[in-house]
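Notes follow the structure.
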Amino acid sequence: DTWELLLRQLESHYLYLNEEKYWARHSNHGFYQSMGLYNIGACLPELSCAPEACRIALQRIEYFLDHSFSEDGVWLEHSPRYHHNMLRLLKLFHSFSNFPETLRNRLSRQISQGEQALQWMVQPDKTLVTMGDTTHLLLGDETARNALAGPQGSHTSLASGMAFYRATQSPSRFCYFAQTAAFHSRVHKHLDALSFVWWANGMQITADAGRAAFTAPMKDKALVREGFFYADPLRIYAESERAHCTVEIDEKPESRVPERFYGSGLVQSGHDACGAFWTLGRVPRRDGLTHRRTTLVHAQGWLLVADEIAA
């Protein structure tokens, strides 16, 4: 009957999700897979595979908590939108009642850290800052209100490679600055090394292209080798240096092969005697070159950027 057919299909799903070779441990897809595997066991304990499904799923979720979040709670896929997505997913998983208390406590800490990090990713217009594969997402009133009424000053996540500055003098006079300098994996990574978004005097001064549609696969093998996996010209542009406030060298895109992963490129940050927030970043570039960038941003509405490209 229908119920027996459903159980057979769930067992088939279990056999697939249980296979290590099908587990997408490198991206958020693997977390969704792990939640699905856990649900098979937790919701249908009468299945013979239920205990094993739960055990493997919890191991994999612990793996993501260990490897896919920075030590200060940022999801390491180069994108505030995916950080927001994964925070919602953690909250959903935390609402389940039948898993170990030690994991529940760890999830609570992860959610708390993630919410604190998310507050800094909200722009003055109540949208997420469009870095990496982030769409122009207008947040719910409560989330945006809490973020904008929340922390002022600066926050630097050296582990994730993100830095933020916010100073609100009045509803129409505010300064917001966000910078990214990270290459943790190929997932949702744009050619945006040391790029930044800046708002001053109530308006946005610099922007980031954000996410373009995932379309037909790229057939140009040379571009695939450079890390462009989608053929849409808008997608190619959105991932390129020219769509970000960074430096393009010799009119050629940087390669995004695994050998180029460097983690975080933020080195230091702080405040000077005049109250300006400064960051220092350093990232490897093509042909043995290094890109070093110093930025200073002030609530009075000015920004200084100094770039050095050297061997």
Side-chain angles (χ1 to χ4, degrees), residues 26-27 67-72 74-83 117 120-121 129-134 154-165 177-198 206-211 223-229 236-270 276-297 303-311:
H26 66 287
S27 78
H67 296 90
S68 298
F69 288 92
S70 68
E71 60 191 27
D72 49 0
V74 178
W75 179 253
L76 299 176
E77 285 189 350
H78 317 101
S79 165
R81 177 61 188 268
Y82 281 88
H83 174 84
W120 292 100
M121 300 175 188
V129 60
T130 53
M131 291 176 165
D133 277 327
T134 302
S154 65
H155 173 71
T156 301
S157 172
L158 293 178
S160 69
M162 302 189 79
F164 305 91
Y165 175 72
F177 173 85
Q179 185 176 30
T180 180
F183 195 1
H184 301 287
S185 71
R186 178 60 190 83
V187 182
H188 300 296
K189 171 62 181 171
H190 290 194
L191 296 174
D192 56 0
L194 301 168
S195 183
F196 57 85
V197 170
W198 177 45
T206 70
D208 192 293
R211 174 177 168 171
L223 285 175
V224 170
R225 285 194 295 270
E226 295 295 334
F228 294 97
F229 296 152
I236 296 172
Y237 168 75
E239 293 185 21
S240 72
E241 283 99 345
R242 297 186 182 192
H244 308 90
C245 293
T246 187
V247 174
E248 181 183 66
I249 299 175
D250 295 336
E251 299 185 345
K252 298 177 182 178
E254 288 287 322
S255 175
R256 283 171 288 173
V257 296
E259 291 76 12
R260 303 298 300 277
F261 298 169
Y262 54 76
S264 171
L266 277 181
V267 179
Q268 289 178 294
S269 69
F277 173 62
W278 60 267
T279 67
L280 171 62
R282 184 171 56 242
V283 299
R285 299 296 297 267
R286 63 167 57 255
D287 302 325
L289 298 174
T290 297
H291 179 193
R292 176 187 173 105
R293 168 170 283 181
T294 302
T295 63
L296 291 92
V297 60
L303 172 70
L304 183 149
V305 181
D307 286 308
E308 176 186 0
I309 308 292

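Residue numbers start at 1 and run along the sequence shown. The analysis underlying the following values was restricted to heavy atoms, covering all of them including side chains, and did not include hydrogens, waters or symmetry mates. The shown structure was predicted, so the numbers you read here are calculated from the model rather than taken from an experiment.
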Whether F183 and Y262 hold their rings parallel, tilted or perpendicular, with breakpoints at 30° and 60°: perpendicular
Nearest heavy atoms of G210 and A238, plus distance in Å: O-CB, 3.8 Å
Donor-acceptor under 3.5 Å (T206 side chain, W198 main chain): yes
Taking every non-hydrogen atom, the tightest pair across G270 and F277: O-CD1, 3.3 Å
Partner residues of R286 under the side chain to side chain contact (heavy atoms under 4.5 Å, CB included) criterion, sequence neighbours left out: I249, K252, E254
Cation-pi, F261 ring and R186 (6.0 angstrom, 45 degrees): no
From CG (L191) to CD (E239), nearest 0.5 Å: 7.5 Å
Residues which pass salt bridge (Lys or Arg N to Asp or Glu O under 4.0 Å) with R81, listed by chain and number, not counting sequence neighbours: none
Pairwise side-chain contact, W278 with Q268, heavy-atom cut-off 4.5 Å (strictly under): yes
Spacing of CZ belonging to R293 relative to CD1 belonging to I309, to within rounding of 0.5 Å: 8.5 Å
Residue from L266, L76, T180 passing side-chain contact (heavy atoms from CB on, under 4.5 Å) with S160: L76
Side chain S264, main chain L158, donor-acceptor under 3.5 Å: yes
Which atom of V283 lies closest to which atom of G265, heavy atoms considered: CG1-CA, 3.9 Å
Side chains of P253 and F228 in contact at under 4.5 Å (non-hydrogen atoms): yes
Partners meeting ring-ring contact (aromatic ring centres under 6.0 Å, His included) with H83 (sequence neighbours left out): none
R282 CZ: over 12 foreign heavy atoms closer than 6.0 Å: no
Beyond-backbone contact of T295 with V297, side-chain heavy atoms, under 4.5 angstrom: no
Under 3.5 Å: donor-acceptor pair, side chain of H244, backbone of A193: no
Interatomic distance, S27 atom OG to Y82 atom OH [nearest 0.5 angstrom]: 9.0 Å
Heavy-atom check, side chain of F177 versus side chain of V197, under 4.5 Å: no
Euclidean distance, H155 NE2 relative to D72 CG, rounded to 0.5 Å: 5.0 Å
Intermediate values then yes/no, side-chain hydrogen bond (donor to acceptor under 3.5 Å, both in side chains), D133 and H78: CA-CA 8 Å; D133 277 327; H78 317 101; over 6 Å; no
Minimum heavy-atom distance between A163 and T279, given as atom pair plus value: CB-CG2, 4.0 Å
Salt bridge (Lys or Arg N to Asp or Glu O under 4.0 Å) partner of R285, chosen from E248, E308, E241: E241
Separation between CG of L194 and CZ of R292, rounded to the nearest 0.5 Å: 11.0 Å
Donor + acceptor pair across side chains of S79, T134 (<3.5 Å): yes
Donor-acceptor pair, side chain of H291 and main chain of D307, under 3.5 angstrom: no
Whether F69 and W75 hold their rings parallel, tilted or perpendicular, with breakpoints at 30° and 60°: perpendicular
Shortest non-hydrogen contact between V74 and A117, atoms and distance: CG2-CB, 3.9 Å
Rounded distance (nearest 0.5 Å) linking atom OG of S255 with atom CZ of R225: 10.0 Å
Chi angles and distances behind the side-chain contact (heavy atoms from CB on, under 4.5 Å) call for S269, S154: CA-CA 9 Å; S269 69; S154 65; over 6 Å; no
Nearest non-hydrogen partners of M131 and F196, listed with the distance: CE-CA, 4.3 Å
